[in-house]
Structures are given as structure tokens and as C-alpha cells.
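The structure appears below as C-alpha cells.
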Number of protein chains: 2
Amino acid sequence: MANSGGTKPKSSRKNSWKQNPQAVQENILRVAQEVFAKNGLSGARVDEIAAMTETSKRMVYYYFGDKEGLYRRTLEEAYRKVRQKEVDLDLDHLDPRAALERLIRFTFRHHSENPDFIRLVMIENIHHGTYLAQSATIRDMNRGAVDQLERILKRGRDEGVFRQDADPLTIHWQISAMSFFNVSNRATFSLIFGDRLNSATGQRQLEDWAVETVLRPVVVDPRPSDQG
Amino acid sequence: MANSGGTKPKSSRKNSWKQNPQAVQENILRVAQEVFAKNGLSGARVDEIAAMTETSKRMVYYYFGDKEGLYRRTLEEAYRKVRQKEVDLDLDHLDPRAALERLIRFTFRHHSENPDFIRLVMIENIHHGTYLAQSATIRDMNRGAVDQLERILKRGRDEGVFRQDADPLTIHWQISAMSFFNVSNRATFSLIFGDRLNSATGQRQLEDWAVETVLRPVVVDPRPSDQG
DNA sequence: GACCAAATTAACCATCTCGTACAATTTGAT
DNA sequence: ATCAAATTGTACGAGATGGTTAATTTGGTC
């Protein structure tokens with residue numbers, strides 16, 4: 001009966017509306033993510049967000065206080081969704097080598113398929129992490145990502161397939177760097193060097209390269225996949 | 001006699017000033033770079049830029065037309081300076097292995113020491129490369145970077161120390177990814193995972209890691225430095 | 001069905017910000 | 001002497017923009 005999905009809260013008729021606070025907030029956040037991701041914090045216009053919503057500008061301020069409050073909540077939601085997917089990966093039952101490769105491929109593809117999330121993180125970095133600093137929940141969520149990787153590396157060390165001195169944080173940094181840069185700098189990179197690496201085959205090639213460059217220094221036997 | 005450097009164009013005395021269009025423009029551009037890098041294109045205020053200048057707002061519009069024109073010129077200047085330093089590196093006389101390592105270390109350190117440049121590129125990517133697309137000179141300058149790398153790789157192949165299938169554009173992409181991400185995501189990364197990798201030793205460690213992860217897949221004999 | 005807090009609507013305001021107009025003076029080259 | 005280019009200084013207007021005031025509707029409760 002009730003809209004269990006995320007469908008439109010109201011049929012946009014002016015009079016005769018139903019109360020649905022949750023759906024209204026979700027609607028606003030969805031639009032806000034899109035607009036903030038496209039234009040940045042200062043570039044985004046509250047009026048534009050409101051106009052794209054099924055509700056009114058007043059509601060935006062009613063639920064989120066001000067523009068920065070809306071931005072903060074948008075950022076939180078974006079991180080929450082990403083982290084959820086990472087947890088669902090369930091890598092602990094795979095053998096370490098396969099688990100690591102799968103984590104890399106997942107991260108690379110996930111970032112590639114969610115440019116809006118990447119852009120929000122870029123924007124947040126432009127603002128020196130001011131708003132992430134205000135959200136303890138985001139920080140706590142993300143630390144789990146390195147814990148997950150650390151477990152994989154430890155299992156690998158114990159089985160003798162990974163090097164002893166492989167640092168989880170550094171590996172995570174490297175995976176993030178390539179996966180993130182691949183999306184964040186697409187515009188300038190493509191403009192300068194052409195979009196060969198941005199094509200379907202190019203992206204596959206980069207993903208393989210990411211796997212290889214991460215695994216080679218970590219795996220004891222340097223034979224990541226089908227290299228001769 | 002004339003100020004051959006980039007010193008202040010006027011002694012800020014109201015009357016009795018010298019004509020020095022070049023110095024005035026340089027002064028404006030220097031301030032603009034600082035403010036745009038700090039606040040982004042939409043976040044930057046023309047009035048603030050003008051106030052920090054040795055000259056007036058009127059002059060900003062006199063020389064650069066409008067805010068976007070100033071931003072475009074700022075971006076051009078930033079790229080120009082970077083590219084100049086890359087050319088000065090003069091890697092063609094080093095043996096391939098050393099040349100590649102030096103290029104990686106230079107890029108990593110240079111980006112690290114010039115966060116404002118990184119931030120301008122981030123901002124430009126937020127704007128989908130709109131302004132870089134308008135500047136053919138920037139594109140031409142930067143393509144040279146891959147040519148330089150390609151020469152190194154070719155020499156390495158010919159000498160039998162590099163693999164045959166090493167792709168210059170992919171290697172450049174990888175070097176850029178780590179060097180860029182290291183600066184661009186400092187704020188969020190440090191907030192979430194602590195600033196261990198951001199310390200002096202952490203940065204040295206990452207630089208070494210960048211060298212290792214790039215060289216290992218490229219060099220035929222997988223022994224990048226002093227690994228046992 | 002009266003009542004009230006939460007939800008929602010529509011019009012409104014204060015301010016910021018880009019860019020310009022106006023009015024002049026100074027420089028430097030010919 | 002002359003004149004265009006360079007520079008100063010101020011004030012201001014139009015429109016964009018973040019945020020608010022005031023009034024209405026809903027839905028649950030007694």
C-alpha cells in the first residue's frame with residue numbers, strides 16, 4: 001500500500017497533499033546530490049534544487065536548516081551508500097589473492113559507475129574537508145574499509161603468498177588513488193590526451209593495470225594473472 | 001633599472017606611479033591563483049581578489065574582461081609554469097631506468113609542493129574541463145609530457161631493460177594518479193585515516209611506493225631498488 | 001468534530017556580487 | 001605639445017541568491 005520504494009511523494013497537485021516527511025526528505029536529498037555533484041557547494045543554487053524537487057524551497061530549509069546543512073546531509077548519505085556496498089562484498093571467504101583482486105576491481109568499477117560520489121568527495125576536498133570533519137559517523141564508517149583490507153593481507157601473510165611488509169593503509173591509498181583519479185580527472189585528462197583510456201577497452205585495460213600494479217609488489221610470486 | 005623580477009608594481013602611493021602593464025597583470029594573476037585555488041571559481045569573489053591586489057578592481061576588468069576570463073588566464077599560467085619545469089628536467093641524457101625513476105619522484109614532489117596547482121585542476125574538473133577546452137595552448141603544452149615519457153620507454157625497450165608492451169599513456173596515467181591523489185584528497189583521507197601518510201616519513205614512503213609500483217611492471221628484471 | 005502540532009504552501013525580503021558608468025589624472029612615446 | 005594607453009577612485013544598479021514571514025492543510029487524538 002504505502003510507497004515502499006522511493007517514488008514520488010506527491011502527485012504535484014497544489015491542494016490536497018499527503019503528509020510524507022521521509023519521502024520528502026529523500027526526494028530533496030536525491031536532487032541535492034545531483035545538483036551539488038554537478039555544480040559544487042558554492043556553485044549549486046538552492047532555488048534550482050528546490051525547483052527540481054517535488055516540494056518547495058521552504059521544505060528544504062524546514063528539514064535541513066540551511067544550504068550547508070543540506071550539503072552535509074547529502075555528503076553523509078553518499079558515503080553511507082558506498083560503505084554499505086563495500087560491506088556487502090564479503091571478501092573474507094575468498095582466498096587472499098582472489099579477495100584482493102576482487103576488492104581492487106570492485107573499487108575501480110564502483111568509482112567509475114558513481115561519478116557523482118567522486119565529485120562530492122572532490123568538492124569536499126576543495127572545501128578542505130570542513131563538512132566531513134563535522135560528521136563523526138562518516139569517519140567511523142570508512143575506517144572499516146582498511147580493516148577489511150588488513151584482514152585480507154594478514155591472511156595472505158599467514159599463508160605465505162603476500163609479502164611481510166605490505167602496509168594496509170598504503171595499499172588502500174594506492175587502490176583509491178587510481179580508482180579515484182580515473183574518474184575525478186576524466187575531463188582534463190581526456191581533453192589533453194584524448195579519450196582512448198576512457199573508452200570501454202581503455203577502462204578495462206586500466207582496471208587490469210590497477211590490479212597488476214597493486215598485486216605485483218604485494219604477492220611473493222610475481223605472477224599476477226596470465227603474464228608470460 | 002626596471003624591475004626585472006616580479007616585484008610590486010607600485011609603491012602604493014596614490015599619485016606618482018609608473019606604467020607597468022605586465023607587472024600589474026602578473027600581480028593580479030598571482031592573487032587570482034591564490035583566491036581561485038582556495039575558493040573555486042564560483043566561490044571566489046572578484047572584490048576579494050581586487051582588494052588583495054596592489055591595483056583596483058577596475059584594472060581586473062580592464063585586462064581580463066570578466067571573472068571567467070581571469071580564471072581562464074589563471075589556469076593557463078598555472079599549467080605553463082608546471083610544464084616549463086618538466087621540460088627543464090632534461091631526462092634524455094639519463095639511462096632509462098634512472099630517467100623513469102627521476103620523472104616519478106619529480107612529479108610526486110612537484111605536485112606535493114604545489115597544492116594550489118592541484119586545486120586549480122580539481123576545480124577545472126569540477127567544471128567539466130570547460131575552460132581548459134577553450135585553451136588550445138594548454139592542451140598542446142601537456143601532450144609533450146607523454147612524448148617525453150615515450151622516449152624514455154622506447155630507449156628502455158631498445159636496451160632490453162623495459163617490457164615491450166609498456167604503454168606510455170597508461171604509465172603517465174598511473175604516475176599522475178598517485179601524485180595527484182596524494183594532494184587532492186589529503187583533507188578527506190587524513191580525516192578518515194589519520195595523517196600518518198601525510199607526515200614527512202609517510203610522504204617519503206609513498207614516494208618510494210609510487211616508484212616501486214610503477215617500475216615493477218615495467219622493468220624486465222623486477223628489482224627496483226634494494227629489495228631482498 | 002474540535003483541537004493542535006507537524007507538514008506544507010506561496011509570497012516576500014535583505015544582501016551579496018558581478019560588472020559598469022562616471023570622472024578624472026598620469027605616463028610615455030612621437 | 002599632443003594623444004593614446006594606463007591607472008585611480010568611487011559609486012551604483014540589476015539581478016541573483018540565501019533565507020524568512022505568514023498563512024494553510026493534514027492527520028492523529030480526545
Side-chain angles (χ1 to χ4, degrees), chain A residues 1-3 8-29 31-32 35-36 38-74 123 127 130-131, chain B residues 1-3 7-29 31-32 35-36 38-74 127 130-131:
Chain A
M1 227 39 172
N3 51 353
K8 52 172 58 178
K10 309 184 304 345
S11 50
S12 84
R13 274 147 54 200
K14 307 287 170 154
N15 40 1
S16 168
W17 42 270
K18 282 199 224 157
Q19 286 190 358
N20 198 345
Q22 186 163 346
V24 168
Q25 290 178 61
E26 282 171 6
N27 177 231
I28 294 173
L29 281 173
V31 172
V35 175
F36 279 131
K38 193 169 69 187
N39 302 321
L41 172 53
S42 11
R45 299 290 157 240
V46 177
D47 283 320
E48 189 193 353
I49 293 175
M52 292 170 65
T53 300
E54 313 254 2
T55 179
S56 68
K57 180 161 77 153
R58 190 60 190 83
M59 283 287 90
V60 174
Y61 286 96
Y62 182 70
Y63 282 120
F64 301 98
D66 57 9
K67 190 185 184 184
E68 298 193 343
L70 176 58
Y71 170 77
R72 200 179 318 119
R73 284 289 308 279
T74 302
I123 289 160
H127 290 275
T130 309
Y131 303 92
Chain B
M1 227 39 171
N3 50 355
T7 55
K8 54 173 58 180
K10 312 182 303 337
S11 49
S12 84
R13 275 146 54 198
K14 310 286 172 155
N15 40 359
S16 170
W17 42 270
K18 283 199 222 154
Q19 283 192 2
N20 199 345
Q22 187 164 345
V24 168
Q25 291 177 59
E26 282 170 7
N27 176 232
I28 294 173
L29 282 173
V31 173
V35 175
F36 279 131
K38 193 168 68 187
N39 302 322
L41 172 53
S42 11
R45 300 287 158 247
V46 176
D47 284 319
E48 187 193 355
I49 293 174
M52 291 171 66
T53 301
E54 313 252 5
T55 179
S56 66
K57 181 162 78 156
R58 190 66 193 78
M59 283 285 93
V60 174
Y61 286 96
Y62 182 69
Y63 281 120
F64 301 99
D66 57 10
K67 190 185 184 183
E68 298 193 344
L70 177 59
Y71 170 77
R72 202 179 317 122
R73 284 289 309 277
T74 301
H127 290 276
T130 309
Y131 303 92

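Keep in mind that what you see is a predicted model, and the values were worked out from it rather than measured. Each chain gets a letter, A, B and so on, in the order the sequences are listed, and its residues count up from 1.
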Write down the distance between CZ (A:R45) and C1' (C:dT17), rounded to a whole number of angstrom.
10 Å
Taken to the nearest whole Å, CG/A:D47 to P/C:dA10 is 15 Å
For A:E54 and C:dT9, what is the distance between atoms CD and P respectively, to the nearest whole Å?
10 Å
Shortest non-hydrogen contact from B:N27 to B:T55?
OD1-N, 4.2 Å
Figure out the CD/C1' separation between A:E48 and D:dT17, and round it to whole Å.
12 Å
What's B:A44 touching, base or sugar-phosphate or nothing? Going by heavy atoms closer than 4.0 Å.
sugar-phosphate
Name the orientation class of the two ring planes belonging to A:Y71 and A:H127 (parallel below 30°, tilted from 30 to 60°, perpendicular beyond 60°).
tilted
A:L29 versus A:R73: any side-chain heavy-atom pair under 4.5 Å?
yes
Residue pairs passing the side chain to side chain donor-acceptor pair (under 3.5 Å) test where at least one lies in residues 60-70 of chain A, sequence neighbours excluded:
A:E68-A:Y131
Among residues 56-68 of chain B, which ones have heavy-atom contacts with DNA chain D below 4.0 Å?
B:R58, B:M59, B:Y62, B:Y63
Less than 4.5 Å apart, side chain to side chain, heavy atoms only: is that true for B:Q25 and B:F64?
yes
Is there a side-chain contact between A:L70 and A:V46 (heavy atoms, below 4.5 Å)?
no
Write down the distance between OH (A:Y71) and C1' (D:dG18), rounded to a whole number of angstrom.
18 Å
